[in-house]
Amino acid sequence: MTKLYAIYGASGCGRSLMPVARQQLAREHDASEIVFIDDAFAQQSAVNGRRAMNYSAFKAEPAAEKAVLIAVANSRVREKLARQLALDGIQLWSVQADNCVIMDEVQIAAGAALSPFVTIASNIKIGKCFHANLYSYVEHDCVIGDFVTFAPGVKCNGNIHIEDHAYIGAGAMIKQGAPGQPLVIGRGAIVGMGAVVTRSVPAGAVVVGNPARIVEQK
Ligand code: UDP
């Protein structure tokens, strides 16, 4: 029996990642079907020409093997869905666009989505379910935790550590750290779009502006 792939989430994030997922399978010469999973669908439906169904219906599909990319921008939702998939013994799927550039000694854990024009430079470690949206980059010697999200055009320079569940808004720029003295974006921090981050951001802080300043501390 065949393998069935799915994109979990058929909203903006999922619909933009479907073409990336198609490129992933085409590179692997794998002709398997890719469907959408979205719990908003009570009945089997179609989105952009692909079958779309809720998670129960997906579980009932008769494929021998299944793999799922979680394409939901909210990292807490990604974590919840990843936990459910693990409980059900369904593997996380990672996809990257054909034109991504991945340099040397890069480790990326399961469930990553690397959109078109993303660059991951050398000596980088990235955790589970990372999303790097269009035109984002990660420069050398960065360490990125689990469930981190980059909106489009994030410039993450060298020697930066980003902890779990941080969200970096569109076009934000983060100053490089130094070897042994990384600039740290703390767990669950939010960097506003277009922010210019020149120093470490505490866990749970929301920063905006140039230079980025804390506007909220959770
Ligand atoms: N969703 C789901 N199951 C969940 C949580 C979310 O199917 O447990 C779906 C939800 O119905 C929506 C999508 O995931 O279609 C999330 O899309 P959202 O509009 O929040 O933004 P996006 O992540 O696409 O930017």
Side-chain angles (χ1 to χ4, degrees), residues 1-100 102 108-118 120 126-136 146-154 165 167-171 193:
M1 243 199 271
T2 51
K3 186 157 180 175
L4 183 63
Y5 292 87
I7 307 272
Y8 205 145
S11 193
C13 184
R15 283 181 286 108
S16 286
L17 285 170
M18 178 60 86
V20 174
R22 282 203 301 272
Q23 290 187 342
Q24 178 73 34
L25 285 198
R27 278 199 308 280
E28 294 169 5
H29 306 289
D30 185 335
S32 303
E33 182 185 8
I34 311 173
V35 299
F36 282 108
I37 302 169
D38 199 299
D39 297 306
F41 294 117
Q43 310 274 326
Q44 189 161 147
S45 181
V47 172
N48 290 354
R50 298 272 162 173
R51 290 200 295 144
M53 62 194 76
N54 60 37
Y55 185 58
S56 313
F58 176 74
K59 280 198 296 184
E61 283 284 318
E65 222 186 309
K66 295 175 184 175
V68 174
L69 171 73
I70 306 172
V72 175
N74 183 315
S75 69
R76 302 284 169 188
V77 175
R78 286 211 296 287
E79 184 174 31
K80 178 195 88 174
L81 297 176
R83 205 176 299 128
Q84 188 60 53
L85 290 167
L87 284 173
D88 294 332
I90 297 174
Q91 69 189 88
L92 289 174
W93 186 29
S94 295
V95 304
Q96 70 184 61
D98 283 346
N99 66 2
C100 288
I102 312 287
I108 306 180
L114 306 184
S115 293
F117 304 100
V118 163
I120 312 287
I126 297 176
K128 269 193 288 188
C129 295
F130 177 54
H131 277 196
N133 218 314
L134 302 169
Y135 291 98
S136 291
D146 294 330
F147 306 105
V148 169
T149 310
F150 283 11
V154 168
H165 287 288
Y167 178 91
I168 317 296
M193 67 171 134

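Positions are given from 1 along the sequence.
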Exercise. Flag yes if more than 12 heavy atoms outside Phe41 fall under 6.0 Å of its CZ atom; otherwise flag no.
Key: yes
Exercise. Count the heavy atoms belonging to other residues, nucleotides or ligands that lie under 6.0 Å from CD of Gln43, then report whether that count exceeds 12.
Key: no
Using every non-hydrogen atom in the two residues, find where [X] and [Y] come nearest and quote the distance to one decimal.
X: Leu25; Y: Ser32; answer: CD1-O, 3.5 Å
X: Ser94; Y: Gly111; answer: OG-N, 2.9 Å
X: Phe36; Y: Gly14; answer: CE2-O, 3.6 Å
X: Asp38; Y: Ser11; answer: OD2-N, 4.1 Å
X: Val95; Y: Ala21; answer: CG1-CA, 3.9 Å
X: Ala151; Y: Ala170; answer: CB-N, 3.3 Å

Beyond-backbone contact of [X] with [Y], side-chain heavy atoms, under 4.5 angstrom:
X: Cys129; Y: Phe147; value: yes
X: Leu81; Y: Ile37; value: no
X: Arg22; Y: Ile34; value: yes
X: Arg76; Y: Lys80; value: no
X: Ile90; Y: Tyr55; value: yes
X: Phe150; Y: Asn133; value: no

Quiz item: What orientation do Tyr5 and Trp93 show, parallel under 30°, tilted 30 to 60°, or perpendicular over 60°?
Solution: tilted
Taking [X] for its side chain and [Y] for its backbone only, find out whether a donor-acceptor pair lies under 3.5 Å.
X: Ser136; Y: Pro152; answer: no
X: Asp39; Y: Asn54; answer: no
X: Glu33; Y: Leu4; answer: no
X: Lys128; Y: Ala82; answer: no
X: Ser115; Y: Ala97; answer: no
X: Arg15; Y: Ala10; answer: yes

Drop me the distance from [X]'s [atom1] to [Y]'s [atom2], to the nearest 0.5 angstrom.
X: Cys13; Y: Leu69; atom1: SG; atom2: CG; value: 8.0 Å
X: Ser75; Y: Ile70; atom1: OG; atom2: CD1; value: 11.5 Å
X: Lys3; Y: Asp30; atom1: NZ; atom2: CG; value: 7.5 Å

Exercise. Would you kindly say whether Asn74 and Tyr167 are connected by a side-chain donor-acceptor distance under 3.5 Å?
Key: no
Exercise. Could you tell me whether Lys66 and Glu61 have a side-chain N and a carboxylate O separated by less than 4.0 Å?
Key: no
Quiz prompt | Thr149: which of His131, Arg78, His165 passes side chain to side chain donor-acceptor pair (under 3.5 Å) | solution = Arg78
Self-check item: Test log, rule salt bridge (charged side-chain N to carboxylate O under 4.0 Å, His left out), inputs Asp88 and Lys59
Solution: CA-CA 9 Å; Asp88 294 332; Lys59 280 198 296 184; 3.6 Å; yes
Self-check item: Reference residue Leu114; test side chain to side chain contact (heavy atoms under 4.5 Å, CB included); the match among Ile120, Leu17, Ile126, Val20
Solution: Ile120
